[in-house]
Number of protein chains: 2
Amino acid sequence: MTATAAAAERLIRIGEVARGAGVSVRAVRYYEQQGLLIAERSPSGQRLYRQDAIALIRFFQQMFAAGLTSRRITELLPCWDSGHTDAEQRAMLRAERDRIQAKVDDLQAALDRLDEVIAVTDTHP
Amino acid sequence: MTATAAAAERLIRIGEVARGAGVSVRAVRYYEQQGLLIAERSPSGQRLYRQDAIALIRFFQQMFAAGLTSRRITELLPCWDSGHTDAEQRAMLRAERDRIQAKVDDLQAALDRLDEVIAVTDTHP
DNA sequence: CTAAAACCTGACGTTGACGTCAGAGGCAAG
DNA sequence: CTTGCCTCTGACGTCAACGTCAGGTTTTAG
């Protein structure tokens, strides 16, 4: 068996993908609607995914948590898939990176403030 | 002059507060609507604030950025004002703290992932 | 074969922190 | 007095990532 014909990989349906990634079925359909995740279709029209779709969705979740929009993720997906980037994409990557770093700093500051209050209210019931 | 009669503090109107805190006038009214910030009123009905309202709004912004809702902030405001807390409030404080800490960790992980990609795409144009 | 479970396509609802617009006063300057 | 800026109270609009419901088809288990 050749590399191209290598894996007649077992395709999975949307429910299994959703459970695997820990998201709802609705969410997976939404990702497709946003152009994040294109699925094959069975003859009857059901979505069929490869195993790695689960990891991809986990990655989406991570980026969502970091504040990227689905639009932004679609624009940056080629950077992962192909490793190839143009100047605009590299600029976007850095912009997002800086934004996230700033957010981390903000959160850390808020955390410090909460910790102060907690310390006070614990010694000062 | 006594402590109680001390400062016939200069009261400021909503526009000055908003500019000072770097938010919109609409936002300040919204905070009042949510019970975060109660203003005095002039005879004609205009809102009048003390200087420290600006710092308070900055604090709200910081908590918003940390993911607290206005409802949660109102529930926790007594912890700041009076320094007095009950068990429920202390539990909420810790819950929010833990949530923020988890978020920081998530963001840091996302940041690391972005940095990987940036490193690759920079050496690999 | 049949019933349950899973899937499909719309399409409207939700949440939070505001933006924005309309129409009506209020306030200091010239 | 009037011009121009500020403020007021509603009340509807926005955005993103889904939730939820309706009504119908497909797959699976027994």
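Numbered from 1 within each chain, the chains take letters A, B, ... in sequence-line order. The shown structure was predicted, so the numbers you read here are calculated from the model rather than taken from an experiment. Atoms considered below: every heavy atom in the structure, side chains included; atoms not considered: hydrogens, waters and symmetry mates.
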*Asks:* Strictly under 4.0 angstrom, non-hydrogen atoms only: write out the protein contact profile of nucleotides 6-13 of chain C, one letter per nucleotide from the 5' end, B, S or -.
*Replies:* SSBB-B--
*Asks:* Going by ring-ring contact (aromatic ring centres under 6.0 Å, His included), name the residues that satisfy it together with B/Y30, two or more places apart in sequence or in a different chain.
*Replies:*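 B/Y30: no ring-ring contact (aromatic ring centres under 6.0 Å, His included) contacts found.
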*Asks:* Let me test you: for the helix from C/dC1-D/dG30 to C/dG30-D/dC1, what is the angle between the axes at its two ends (five pairs each), rounded to 10 degrees?
*Replies:*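 It comes to 10° between the two terminal axes.
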*Asks:* Quick one: side chains of residues 55-62 of chain A, donor-acceptor pairs under 3.5 Å with protein atoms, not counting sequence neighbours, listed by atom name and distance.
*Replies:*
unit_1	atom_1	unit_2	atom_2	d
A/R58	NH2	A/G20	O	2.6
A/Q61	OE1	A/Y31	OH	2.6
A/Q62	OE1	B/R113	NH1	3.1

*Asks:* Who are the salt bridge (charged side-chain N to carboxylate O under 4.0 Å, His left out) partners of A/E16, not counting sequence neighbours?
*Replies:*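 Once residues adjacent in sequence are excluded, the partners of A/E16 under the salt bridge (charged side-chain N to carboxylate O under 4.0 Å, His left out) criterion are A/R10.
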*Asks:* List for me each residue that meets salt bridge (charged side-chain N to carboxylate O under 4.0 Å, His left out) alongside A/R99, sequence neighbours excluded, and say none if there are none.
*Replies:*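 Only A/E96 meet the salt bridge (charged side-chain N to carboxylate O under 4.0 Å, His left out) criterion with A/R99.
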*Asks:* For B/R97, which residues count as a salt bridge (charged side-chain N to carboxylate O under 4.0 Å, His left out) partner, sequence neighbours excluded?
*Replies:*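 Partners of B/R97 by the salt bridge (charged side-chain N to carboxylate O under 4.0 Å, His left out) criterion, ordered by chain and then number, come out as A/D115.
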*Asks:* Donor-acceptor pairs under 3.5 angstrom involving side-chain atoms of residues 39-46 of chain B: please list them, not counting sequence neighbours.
*Replies:*
unit_1	atom_1	unit_2	atom_2	d
B/R41	NH1	B/G45	O	2.8
B/R41	NH2	B/E32	OE2	3.1
B/S42	OG	B/S44	N	3.3
B/S42	OG	B/S44	OG	3.0
B/S42	OG	B/G45	N	3.4
B/S42	OG	B/Q46	N	3.1
B/Q46	OE1	B/R13	NH1	3.1

*Asks:* Taking ring-ring contact (aromatic ring centres under 6.0 Å, His included) as the test, write out the residues that go with B/Y49, two or more places apart.
*Replies:*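 Once residues adjacent in sequence are excluded, B/Y49 has no partner under the ring-ring contact (aromatic ring centres under 6.0 Å, His included) criterion.
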*Asks:* Please enumerate all residues that pass salt bridge (charged side-chain N to carboxylate O under 4.0 Å, His left out) together with A/R50, with sequence neighbours excluded.
*Replies:*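 Listed in chain order: A/D52.
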*Asks:* Tell me, please, which residues at least two apart from B/D105 pass side-chain hydrogen bond (donor to acceptor under 3.5 Å, both in side chains).
*Replies:*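 With sequence neighbours excluded, B/D105 shows a side-chain hydrogen bond (donor to acceptor under 3.5 Å, both in side chains) to B/Q101, given in chain and number order.
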*Asks:* To the nearest Å, how far apart are A/Q34 CD and D/dC18 C1'?
*Replies:*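 Atom CD in A/Q34 sits about 10 Å away from atom C1' in D/dC18.
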*Asks:* Side chains of A/T85 and A/R90 only: does a donor on one sit below 3.5 Å from an acceptor on the other?
*Replies:*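 There is such a pair (donor and acceptor under 3.5 Å, judged by atom type) between the side chains of A/T85 and A/R90.
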*Asks:* Specify the separation, in whole Å, of atom CD1 of B/I12 and atom P of D/dT7.
*Replies:*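 My rounded result for the distance is 11 Å.
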*Asks:* Quick one: is D/dA17 close enough that its OP1 or OP2 comes under 4.0 Å of any side-chain N or O from A/Y30?
*Replies:*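 Indeed, a polar side-chain atom of A/Y30 lies that close.
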*Asks:* Give, ordered by number, those residues of residues 59-71 of chain B having at least one heavy-atom distance below 4.0 Å to an atom of DNA chain C; if nothing qualifies, reply none.
*Replies:*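 Contacting residues: B/Q61, B/F64, B/L68, B/T69, B/S70.
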